[in-house]
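Sequential numbering from 1 along the given sequence is applied to the chain's residues. If you're wondering where the values come from, they're calculated on a predicted model, not measured in any experiment. When reading the values below, keep in mind they use all heavy atoms of this one structure, side chains included, and skip hydrogens, waters and symmetry mates.
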Amino acid sequence: ELENIEYGSPEYKSLDAKINQDQDTLIELARDFMNWIYRQLEKEWDYQNSDEQVEESIRANEYEFLETGERA
């Protein structure tokens with residue numbers, strides 16, 4: 001049925017408009033997801049690099065350090 005639609009016809013223009021609208025919706029959804037996942041990754045990065053988490057990791061792994069700050 002789509003093969004019978006002529007370029008420039010009202011049916012073609014209507015279908016083209018719908019495709020463009022759907023494309024815009026998908027792009028918006030993808031951007032929203034990318035922003036959400038970026039925020040989640042940023043929160044995890046901040047948590048993993050927080051002083052509290054670093055200290056907890058040092059204690060849990062029983063790391064020891066020299067006076068110079070290097071690991072013993």
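- Distance check: Glu42 CD to Asn35 CG gives 11.0 Å after rounding to the nearest 0.5 Å.
- At least one donor-acceptor pair under 3.5 Å links the side chain of Ser50 to the backbone N or O of Tyr47.
- Phe33 and Leu26 end up in different hydrophobic clusters when Ile, Leu, Val, Met, Phe, Trp and Tyr side chains are linked at under 4.5 Å.
- A side-chain donor-acceptor contact under 3.5 Å links Thr25 to the backbone of Gln21.
- Cation-pi contact between Arg71 and Phe65: absent, since separation from the ring centre below 6.0 Å together with deviation from the ring axis within 45° is not met.
- Of the N and O atoms on the side chains of Glu44 and Gln48, at least one donor lies less than 3.5 Å from an acceptor on the other residue.
- Rounded to the nearest 0.5 angstrom, Met34 CE and Ile27 CD1 are separated by 9.5 Å.
- Residues Asp24 and Glu28 form no side-chain contact, since every pair of their non-hydrogen atoms from C-beta on lies 4.5 Å or further apart.
- Residues Ile5 and Ile19 share a single hydrophobic cluster, defined by chaining ILVMFWY side chains whose heavy atoms lie under 4.5 Å apart.
- Side chain of Asp16 to backbone of Tyr12: no donor-acceptor contact under 3.5 angstrom is found.
- Leu41 and Trp36 fall within the same hydrophobic cluster, where Ile, Leu, Val, Met, Phe, Trp and Tyr residues are linked whenever their side-chain heavy atoms come under 4.5 Å apart, directly or through other members.
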